[in-house]
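What follows is one structure encoded as structure tokens, with my remarks underneath.
Chain naming here is simple, since letters A, B, ... match the order of the sequence lines and numbering starts at 1 in each. Because the structure is a prediction, the values reported are computed rather than measured.
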Amino acid sequence: MNISRIVINTRPRTAWQAINLGVVLARTWYLPLWLSWLIPAICVALVTALVCPSLVSWLPITLVWWLKPLFDRGPLLIASRRLFGESTTLLGVLRQLPRLYSRDCLLALTLRRFSLSRSYDLPVTILEGLHGQSRSTRLSVLHRDGGGEAAWTLLVFVHVEIIFVLAAFSLLFMLIPHEYSYQAIDFVRREVSLDLFVYNAFTFVCMSLVAPFYVVCGFSQYINRRISLEGWGIELQFRDMVQRQKSAARASGSGAMLLSALFFAGVFATLAMFQSTSSYAAEIEIPQPAKVVDHGLIKSDVQAILAGDHFHKTERKSGLRFKNSQSMRSDDVPQWFIRMVEFFERHSEGFASIANFSKMLGVFFGSFAKVIAFIIWISVIALALWLAYLYREFFRQFLPRKQPPLHLHEAPPEQLFGLDLRKSSLPNEPLRDVKHLLEIGDYREAIGLLYRTTLIKLIADRNIAFRSNFTEHDCRMAVSSACANATLSTYFTELSYVWELTAYAHRPPEATSVAILLAQWQQVFADEK
Amino acid sequence: MSDVTEIQRIYQQITAVRQQLTAVVIGQEKVVDQVIIALFAGGHVLIEGVPGLGKTLLVKSLAKCFDGHFKRIQFTPDLMPSDVTGHSMFDMKEGKFRLRPGPIFTNLLLADEINRAPAKTQAALLEVMQERSVTIDGGARKVPSPFMVLATQNPIEQEGTFPLPEAELDRFLLKVFIDYPSLENELRFTRAVTGDVSDEAMQLSIAPCITASDVEQIQAKALSVVVDSRVLEYAVNIVRATRTHAMIHQGAGPRASIGLVRCARVLAMLHERDYVTPADIKAIAIPALRHRITPTAEAEIDGHTSDIILAHLLETIDAPRL
């Protein structure tokens, strides 16, 4: 790795800017990156499909998805080489794939398979070649800044993949002419394996299209972190300066002197910067440029600083402070602020100092934030419950439904078409009463009593499920479906028609027809017994 | 002639019409019955079904059955009310306005895909459906009798359609669903049409079995079919129950009760009876009410159609008490 040949500007960036840079880099080198992912993946998919043809619907795509951490290594290698100006050929990378895939293969596919920062961590394993404790230490340093963004990168690209798959399906359905859409849906329903195959093919293509972006974005974040940790920008600036001075010194004949002077000037500049940004820098004794005469002394001072505890100490401070406070003069501080500070100093007995006040302010806002968070959570839960209530009918269709009770178990109605159907309401000898009513010429009453007696008999003896909403027609249907005895069914139909004529046409039945029905009644129900 | 004999004669006439129609419109007996009921009850029919199920054939054949006039209007978004009702135009020779009657002046009017026309044009039908007359240039003109509108709408294509307003839906006596025929009937129909008998030839085979005046007589006779007060109450109870049912957002109006009883009377005649039974009311309740109710949004989300809701409602209404 020769950082002087790096193709990007080595300025410090935020993690999001690094992701942007990764997208630009992936677009620049897209074809080789995509092919280096696609070729091994497609080989695995084809081999799996050929070896296990019965499992072709799900196994190849699942295997390709599971092996993604290995397939990501090819694009990473290409990106890492091209970033530092090295030319790579696809064939060369493909030749190196077995070696790349074998490195920490088992761990990558098991413990680290569901790591959210996979693409961010991958360069540590593949490019730096670190294992075990050294890898963990390195990752802990890298993750101090940028680990969260790496996880977000994964989440974003997972969603992009899903959107691509849905978009591909939508496009496919949009391309089907409207008049064939029903046939297409029907065909897909019938051909489940084809449906799965199309889904798998779309998923595979979308995975391969998105993978180069994901890998290079992770790599770009990694490079960005190293630029910031190792000061690549400063180093490159020095190298440039040295290069320029070398040429100038060669020309004047005093290059060595100037080179060393520049080196020391660089070291002092670095240390001065270090002093200005670190709280503990004041404790370090900084050699003055005027004393720079002895190379050995300077070297030992530098080594002492590098070996010291302060150099390896990492400290993070956060708090509120004015922007450009160094350049702000005392008379730039607003008077109202000075008065406010003085007021708190005078009157705030509870506050030992402004620092304490700030701390309490922090505690207050922390508590306030917790209350706000609690309110937001309650609101979200309430919103979810409200939506669930609003769409309860929609959700209900997914719940198992209680079957409506069978009508047969319903209690028979006590009244039907105005007739009392309780057994107790019948006279002791109803047929004799019918006969009597016929003799006195009350045909309507006679047919009514006969019809009622028949219904009660059917309910009691045949357990026929008459319901209160049944019309005479419904009763006829119920009797004909429940009774195997055709004579009974025919008799009931005739009786029912006579009853309808009497009741709804207001036409009294003929005496003979009622008499015949009465005689048949005895015959029909005698047969029943 | 006694009432019973009169009913028998009417029954024979209706049966003759029915036989002619079912011979042409194969496998749609239920639809044929409902259209016949609407014709003799003096109402209009809204037919819903996918294209190609014989809606036009049915209307043409019905017109031939009583030697009536048939006209068809294809409703489109740019159709104007005057295209339906007609208009006056200035005659240069005579120097006065002359009426050019629209297709509405006929016995049977097929309003094809009625929901494709805007509300203004749909409203042109309102007056004629209710009053049997059309107002053109301030003067009311009667349409020929018998008059019946058979409107169709396509249930699938909803793009570029204008939903029918409730006021117009209420003027249709029945809403009839025309569905795909059974395999056996479709085979019969296809064999008949692809054989030596064409679609047109099948229509030509229909001979007028009644006259327009017979239709008017039957319509008048239907009004005298006996409806017991309890049966009437049963019909009204069913309509009123639609207004309080939990799954119905908007129930049917009083015009629904009137329509229900009118249909039940013709249905009784179709069964050779001169009195209405509760079963007649129950049998015709769904086609007479399905377009007059609006299910709630929850019921629709739950997949409950108007027919399902009405079937459930009919189970909750007690049969008449005598």
R507(A) and D274(B), any side-chain heavy atoms less than 4.5 Å apart: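 D274(B) reaches R507(A) side chain to side chain.
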Any side-chain heavy-atom pair of V227(B) and Y504(A) under 4.5 Å: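 Result no, sub-4.5 Å side-chain heavy-atom pair not found.
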Heavy-atom contact with chain A under 4.5 Å, split by part of V276(B):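 Backbone of V276(B) only, per the 4.5 Å heavy-atom cut-off to chain A.
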Toward chain A, the part of L314(B) with a non-hydrogen atom under 4.5 Å: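 Looking at L314(B), just its backbone touches chain A.
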Residue among V226(B), D280(B), T277(B), T316(B) with most heavy-atom pairs under 4.5 Å to chain A: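 Among the listed options, the one with the most contacts to chain A is T277(B).
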Residue-level interface, residues 242-257 of chain B with chain A, non-hydrogen cut-off under 4.5 Å: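 Listed by number: none.
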Heavy-atom closest pair, residues A319(B) and F470(A):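 For A319(B) and F470(A), the tightest heavy-atom pair comes out as CB-O, 3.1 Å.
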Spacing of CZ belonging to R273(B) relative to OH belonging to Y497(A), to within rounding of 0.5 Å: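 Output value for this atom pair is 7.5 Å.
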D228(B) side, atom CG; E500(A) side, atom CD - distance, nearest 0.5 Å: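 Going from the CG atom of D228(B) to the CD atom of E500(A) covers 12.0 Å.
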Side chain K282(B), main chain N469(A), donor-acceptor under 3.5 Å: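 Indeed, once roles are kept as given, a pair shorter than 3.5 Å links the two residues.
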Please check if the number of heavy atoms outside [X] that lie under 6.0 Å from its [atom1] is greater than 12.
X       : atom1 : answer
E184(B) : CD    : no
Y391(A) : OH    : no
H506(A) : NE2   : yes
F177(B) : CZ    : yes

